[in-house]
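These notes concern the structure reproduced below.
Given the structure is predicted, the values throughout are model-derived calculations rather than measurements. Just so it is clear, the values below take in all heavy atoms, side chains as well, and ignore hydrogens, waters and symmetry mates. Chain letters run A, B, ... following the sequence lines, proteins first and then strands; every chain starts at 1.
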There are 2 protein chains.
Amino acid sequence: MRFMSNLSSTSDEILASARNLIMSGGYNGFSYADISEVVGIRKASIHHHFPSKVDLVRELVKRYREDGETNVATLEQNVPDALGILSVYANHWAKCIEDASRPYCVCALLASELPSLPAEVATEVTAFFRFISSWLTSVMDRGSQQGTLILANAPEIEAEAFLATVYGAMLSARAYGKPEVFAVILQPALSRLTPSISH
Amino acid sequence: MRFMSNLSSTSDEILASARNLIMSGGYNGFSYADISEVVGIRKASIHHHFPSKVDLVRELVKRYREDGETNVATLEQNVPDALGILSVYANHWAKCIEDASRPYCVCALLASELPSLPAEVATEVTAFFRFISSWLTSVMDRGSQQGTLILANAPEIEAEAFLATVYGAMLSARAYGKPEVFAVILQPALSRLTPSISH
DNA sequence: CGTATTCTTCCTACTAGTTGGTAGTTTCCA
DNA sequence: TGGAAACTACCAACTAGTAGGAAGAATACG
C-alpha cells in the first residue's frame with residue numbers, strides 16, 4: 001500500500017488532468033488518450049482507477065463540490081462580514097482567471113452542456129449549483145440582517161443575481177480573451193451591495 | 001436550380017439541426033451522423049454542402065451573428081426608448097428559454113469551449129460577443145442621455161454587466177432546470193436601470 | 001525469519017463502434 | 001447536356017472499454 005492519503009496519487013493526477021481538460025473543452029472535449037499523455041500512464045491503466053468516463057467525471061465533480069464546501073467553511077470562519085465574504089469569493093475567481101491557473105469553472109462548462117451529459121454527471125453538476133446558490137443566499141441574508149449588505153430584493157434573488165453575474169463575467173472574460181473584464185464587471189456588482197454615504 | 005432563396009433548402013436544414021445540436025452539447029457534442037439522422041440525408045451529402053465541420057460551424061456562427069444584427073436593427077427601429085429595448089431583449093430570451101425553442105445561446109456554449117475550438121470558429125464567436133457588447137454599450141449610452149436609463153457606471157461597464165447578467169441567468173436556468181429563473185434574475189437587473197419615484 | 005499468497009498497479013494487445021472525410025457514381029432537373 | 005445534389009462504399013484515425021499478464025509491495029503463515 002502507498003503512503004496513506006498521499007497528496008498526489010495517480011488517481012489524483014488523473015482527476016487533476018481531467019479537470020484541466022474539461023475546463024477548456026468540456027465533457028466531449030477530452031479522451032482517455034489525452035489524460036494518458038499528461039499523466040504518463042497507459043490508457044488501460046486509467047480504466048483501472050476509473051472504470052468508465054462517467055465514473056471519472058462524476059467523481060471529479062463530486063470532489064469539486066466537496067472542496068468548495070470545505071473552502072466556503074474556512075472562508076466563513078476567517079471572514080466575519082458578509083460583504084468581505086462576497087469580495088473574497090469574487091477576488092478568488094478574478095485571480096484564478098488572470099493567472100490562468102483555473103480560468104473557468106468546471107461546473108459552468110458542464111452546466112452549459114447539461115442536456116447532453118450522462119444523467120449521473122448532470123445530477124452532480126446540478127447539486128454543485130444548488131450548493132453555491134444556497135450558500136450565497138445565506139450570506140445575503142446574514143449581511144442584510146447585520147447591515148453590512150444593502151439588498152434591493154429578497155436574499156434568494158440577490159444570491160441568484162450575484163451568482164449569474166459571477167458566471168456571466170467568467171464567460172465574458174473567456175469570450176473576449178481579456179481576464180480583466182471579470183473584475184470590471186464584478187466591481188460595480190459588489191459596490192451596489194455596499195452601504196455607503198451616498199445612499 | 002431550386003426555387004431562389006428557398007426558405008428551407010437542405011443547407012439551411014443542416015445549419016438548423018447543427019444549431020440545435022450545438023445548443024445542447026457544444027462543438028464536440030455532435031457529429032455529421034447526428035445531422036444526417038435529423039435531416040434525412042447521408043453523411044457524405046452533408047460534406048457536399050459543408051466540406052468540413054469547421055466550415056459548417058463557422059458559417060453557422062457567422063449567420064447567427066448576421067441574424068442578430070438584423071434583429072437588433074429592426075428592434076431599434078420599432079422601439080424608441082432604451083429601457084424598452086433592453087426589456088424586449090431580455091423578454092426574447094426569457095420566452096426562448098421557457099418554451100424550450102432556443103433554450104440557450106449557441107455562442108454562449110461555444111464561448112465556454114473557446115480554448116479548444118478551431119481558430120476559425122473561435123474568431124467568429126468572439127466577433128459575436130464584440131457585436132452584442134458594442135450594441136448594448138450604444139443602448140446604455142443613448143438611454144443615459146435620454147434620461148430613460150439611470151446608470152451607476154460608464155455605459156461600457158453597464159453594458160458588460162448587463163450582458164453578463166443575461167448570460168449568467170441563462171446558465172442558471174439551465175443548471176437548475178428551471179426556465180423561470182432567467183426572468184427572476186433579469187427583473188431586478190432591469191429595474192435597477194429604471195428611473196423611478198423612489199430614487 | 002523466510003516464503004508463500006494476495007492485492008494493487010501498471011502493462012501489452014485487442015475490440016467494436018464512431019469520427020470526420022474522400023472517391024466515384026447515379027439521379028434529376030434546368 | 002451539364003451541373004447540382006444526392007448516393008454507395010470506402011478509409012484512417014480515434015473512441016471508450018476489455019482481457020489477460022507481469023512486476024512489485026503488503027500481508028499471512030509456518
What's the shortest heavy-atom distance between A:Pro103 and A:Arg174, and which atoms? CG-NH2, 4.1 Å

Please find the pair of heavy atoms, one from B:Asp34 and one from B:Gly29, that lie closest to each other, and give the distance. OD2-O, 4.2 Å

Within 6.0 angstrom of B:Glu180 CD, more than 12 heavy atoms from elsewhere: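 Counting other residues, nucleotides and ligands, CD of B:Glu180 exceeds 12 neighbours.
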
Side-chain donor/acceptor of B:Lys43 to backbone N/O of B:Ser31, under 3.5 Å: no

Residues from residues 32-50 of chain B lying under 4.0 Å of DNA chain D - heavy atoms: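 Listed by number, they are B:Ile41, B:Arg42, B:Ala44, B:Ser45, B:His48, B:His49.
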
Walk me through it: do B:Leu15 and B:Tyr64 pass the test side chain to side chain contact (heavy atoms under 4.5 Å, CB included)? CA-CA 10 Å; B:Leu15 287 170; B:Tyr64 190 78; over 6 Å; no

Considering just the side-chain nitrogens and oxygens of B:Thr10, establish if one lies under 4.0 Å of OP1 or OP2 belonging to D:dA6. yes

Look at the side-chain N and O atoms of B:Ser31 and state whether any lies under 4.0 Å from the OP1 or OP2 oxygen of C:dT18. no

Could you state the atom-to-atom distance from CG of A:Asn28 to P of C:dG20 in whole Å? 11 Å

Distance in angstrom units between B:Phe30 CZ and C:dG20 C1', rounded: 11 Å

Under the salt bridge (Lys or Arg N to Asp or Glu O under 4.0 Å) criterion, do A:Glu160 and B:Lys178 qualify, and how do the steps go? CA-CA 12 Å; A:Glu160 293 304 342; B:Lys178 291 185 190 165; over 6 Å; no

